[in-house]
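Computed from a predicted model, the values in this text were never measured in an experiment. Numbering starts at 1 and runs along the sequence shown.
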Amino acid sequence: MYNNGYDPEILVHNYRKIGHGKARAGAIRSAINQADLNNDIPYMMFFREELCDESYWFVDELEVVTVYPELLAIMDRYPETEPVKFAGGRDNILSILNTYKDLLDVCTSFYQIPMEDCINFHNDFMKRWLAYGRTAREAYHMFFDLYLETGDLDNAAKFLDKLKKVPAEAYDCVACAITGEIKYYLLNNEKDKADKLAEKVYDGTYRCNSRWSDSILKLRKSYLKYYILHGDYEKAAEITYLMEHSGSQINAYNKYASFMCAYVHSKPGRGLRIYKKHWKEWQEENNQYDRYYNFKDAACFFKGLETERSRDTVRLELDRKFPLYNEENIYNIKSMSEYYYKEAEDIARKFDKRNTTDRFIKELEMSFANV
């Protein structure tokens, strides 16, 4: 078929031998370039979808904002393109639309994406999702998540109402949808409503219908944020213990900075061990939403640690990449708290400016005051 040595199947086999991360993403980019040069439409689409997936999960989610529109443009120009054999029999259009959800999730994670662009992406997804023959339920869910995470609770309430009026589809995980509603009630200080729904998740009235779902872990994550925000460290420590010993295979929800923070009064030594193990990955975190929460919780942890220790310093073996690094490995606890607070505050103000809300700065101030 090709006379210049280009073989897309060999390219796939070669980059899939590489472990997930930057090297694999680079190999996929090279495959994209070769597919483009050979005008190989099926693989021009497939390789871009693979790069979106690799970037979203393992490298830099922000790259999805650049690559995914290219994928959409090719799909729009060649809508009848058959999937390649590596797609495992998936429907091309549905597979690409499901990848769109990753892009929508990225909108909540990076203040660098203008809100106008976020809204346009969500509207475009809704149009395409409906044109594919699906109900508006998934699109309403994505809009709900956007407004909930940006702190626009009025619009979140509107889309939650719309979402609840559309019957669940066969592929829906009802329990996971309920955890979103619970998160809304917790953010809106309606804990009684949240607790009543949570009981129905715990007792199995609402269950996950996918092996990839873990509604109870998602639920506990929301409550952990709530307890840290409101300064209930006894409850935070209890729920952290349950999360750490859940046995779940889904590690994406194990937010270790929150665990560290939750233990500051009951198990400060355990909290310090978590910090020593994970500080570098928090420092290198590119997802600005996750970075904000990691740094917010670290600021709260070190503030709480001041009251738990008899001296105002702590020994930490950090490296030269840490901004407060010193060769003695002795760090002033208050200075550590101030560093993380300042960094979290900077991110919070950027998110709030983009979102035209005050959610992030209010959560930071409230969490810090309630340690």
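Rounded to the nearest 0.5 Å, atoms NE2 (His278) and CD (Glu285) are 13.0 Å apart. Interatomic distance, His141 NE2 to Leu148 CG, rounded to the nearest 0.5 Å: 9.0 Å. How far OG1 of Thr81 is from CE of Met45: 5.0 Å, rounded to the nearest 0.5 Å. Between the CZ atom of Phe301 and the CZ atom of Phe295 there is a distance of 15.0 Å, given to the nearest 0.5 Å. Between the CD1 atom in Ile361 and the CD atom in Glu345 there is a gap of 4.5 Å [rounded to 0.5 Å]. Note that CD1 of Ile96 is 9.5 Å distant from SG of Cys52, once rounded to the nearest 0.5 Å.
Listed here is the closest heavy atom pair of Ala87 and Arg90: O-NE, 2.8 Å. Heavy atoms only, all atoms of each residue included: Leu318 and Phe322 are closest at CD1-CD2, 3.4 Å. When all heavy atoms of Val67 and Arg48 are compared, the closest pair comes out as CG1-O, 3.8 Å. Between Leu224 and Ala236, the closest heavy-atom pair is CD1-O, 3.7 Å. Ala262 approaches Ala237 most closely through the heavy-atom pair O-CB, 3.8 Å. Taking all atoms of both residues into account, the shortest heavy-atom contact from Tyr6 to Asn38 is CG-ND2, 3.3 Å.
Aromatic ring centres of Phe144 and His122: separated by at least 6.0 Å. The aromatic ring centroids of Tyr140 and Phe143 lie 6.0 Å or more from each other. In this structure, Tyr275 has its ring center under 6.0 Å from that of Phe302. The aromatic ring centres of Tyr56 and Tyr68 sit 6.0 Å or more apart. Aromatic pair Tyr147/Phe159: centroids less than 6.0 angstrom apart.
Looking only at distances, no side-chain donor or acceptor of Ser95 sits under 3.5 Å from a matching main-chain atom of Asn92. Proximity of a side-chain donor or acceptor of Arg315 to a complementary backbone N or O of Asn329 within less than 3.5 Å is not detected. No donor-acceptor pair closer than 3.5 Å links the side chain of Arg220 to the backbone N or O of Ile239. Formation of a donor-acceptor pair under 3.5 Å by the Arg291 side chain with backbone atoms of Gln283 is found in this model. When atom types are taken as modelled, the side chain of Asp145 and the backbone of Glu149 share no donor-acceptor pair closer than 3.5 angstrom. In terms of modelled atom types and a separation under 3.5 Å, the side chain of Arg24 and the main chain of Ile18 share a donor-acceptor contact. Put simply, the side chain of Arg137 gets close to the backbone of Leu163: a donor and an acceptor are under 3.5 Å apart. Not one N or O on the side chain of Glu308 forms a donor-acceptor pair closer than 3.5 Å with the backbone of Glu306. Side-chain N or O atoms of His245 include one that pairs as donor or acceptor with a backbone N or O of Tyr241 at under 3.5 Å. Distance alone, capped at 3.5 Å, places no donor-acceptor pair between the Asn188 side chain and the Glu190 backbone.
Leu229 is not connected to Tyr289 by any chain of hydrophobic side-chain contacts under 4.5 Å among Ile, Leu, Val, Met, Phe, Trp and Tyr, and they are in different clusters. Placement of Tyr341 and Leu324 in two distinct hydrophobic clusters is found when ILVMFWY residues are connected by side-chain heavy-atom separations under 4.5 Å, directly or transitively. Using a 4.5 Å cut-off between side-chain heavy atoms of Ile, Leu, Val, Met, Phe, Trp and Tyr, with links allowed through other members, Ile228 and Tyr340 fall into the same hydrophobic cluster. The cluster map of Ile, Leu, Val, Met, Phe, Trp and Tyr, joined by side-chain heavy atoms under 4.5 Å apart, puts Tyr111 and Val64 in different clusters. Grouping the Ile, Leu, Val, Met, Phe, Trp and Tyr side chains by contacts below 4.5 angstrom, directly or via other members, places Phe110 with Trp57.
A donor and an acceptor atom, one from each side chain of Thr357 and Asp152, are nowhere located under 3.5 Å apart. No hydrogens or angles considered: nothing links the side chains of Tyr15 and Glu54 as a donor-acceptor pair under 3.5 Å. Side-chain contact annotation: Tyr263 with Glu244, donor-acceptor N/O pair under 3.5 Å present.
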Could you walk me through whether Asp352 and Arg349 pass salt bridge (charged side-chain N to carboxylate O under 4.0 Å, His left out), step by step? CA-CA 5 Å; Asp352 286 344; Arg349 295 196 184 283; over 6 Å; no

Evaluate the side chain to side chain contact (heavy atoms under 4.5 Å, CB included) criterion for residues Met75 and Glu49: first the C-alpha distance (whole Å), next the side-chain angles of each, then the deciding distance (0.1 Å), finally the verdict. CA-CA 11 Å; Met75 182 185 75; Glu49 192 172 358; over 6 Å; no

Run Lys196 and Asp192 through salt bridge (charged side-chain N to carboxylate O under 4.0 Å, His left out) and show every step you take. CA-CA 6 Å; Lys196 288 178 182 178; Asp192 288 344; over 6 Å; no

Show your reasoning for whether ring pair (Phe, Tyr, Trp, His ring centres under 6.0 Å) applies to Tyr292 and Phe351. CA-CA 10 Å; Tyr292 163 77; Phe351 266 120; 7.2 Å; no

Test side chain to side chain contact (heavy atoms under 4.5 Å, CB included) on Leu146 and Thr108 and set out the steps. CA-CA 6 Å; Leu146 172 69; Thr108 69; 4.0 Å; yes

Under the criterion salt bridge (charged side-chain N to carboxylate O under 4.0 Å, His left out), I'd like the reasoning laid out for Asp346 against Lys350: C-alpha separation, chi angles, the key distance, then a yes or no. CA-CA 6 Å; Asp346 179 61; Lys350 288 174 180 176; 3.2 Å; yes

Between Ser337 and Phe368, is a side chain to side chain contact (heavy atoms under 4.5 Å, CB included) present by the stated rule, with each step listed? CA-CA 10 Å; Ser337 179; Phe368 200 70; 3.3 Å; yes

Evaluate salt bridge (charged side-chain N to carboxylate O under 4.0 Å, His left out) for Lys303 paired with Glu338, printing each intermediate quantity in order. CA-CA 8 Å; Lys303 182 185 178 185; Glu338 289 174 346; over 6 Å; no

Residue pair Leu197, Tyr206: steps toward the side chain to side chain contact (heavy atoms under 4.5 Å, CB included) verdict: CA-CA 9 Å; Leu197 278 179; Tyr206 299 119; 4.3 Å; yes

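Evaluation of the side-chain contact (heavy atoms from CB on, under 4.5 Å) rule for Lys191 yields Leu186, Asp195, Tyr223, Tyr226, Tyr227 as partners, not counting sequence neighbours.
The local environment of CD in Glu80 is sparse, with at most 12 non-hydrogen atoms from other residues, nucleotides or ligands closer than 6.0 Å. Crowding of Glu234 atom CD: a count of heavy atoms from other residues, nucleotides or ligands under 6.0 Å not exceeding 12.
The aromatic rings of Phe259 and Tyr256 sit perpendicular, their planes meeting at an angle over 60°, well past the 30° parallel limit.
Using a 4.0 Å cut-off between charged nitrogen and carboxylate oxygen, Arg359 and Glu363 count as a salt-bridge pair. With respect to Asp154 and Lys158, no salt bridge is recorded, no charged nitrogen being found less than 4.0 Å from a carboxylate O.
Figure legend: Lys296 and Tyr293 shown without cation-pi pairing, the cationic atom not lying both under 6.0 angstrom from the six-membered ring centre and within 45 degrees of its axis.
You'll find the side chain of Tyr331 stays beyond 4.5 Å of the side chain of Asp312, heavy atoms only. Side-chain contact between Met260 and Val264 is absent, with no heavy-atom pair separated by less than 4.5 Å.
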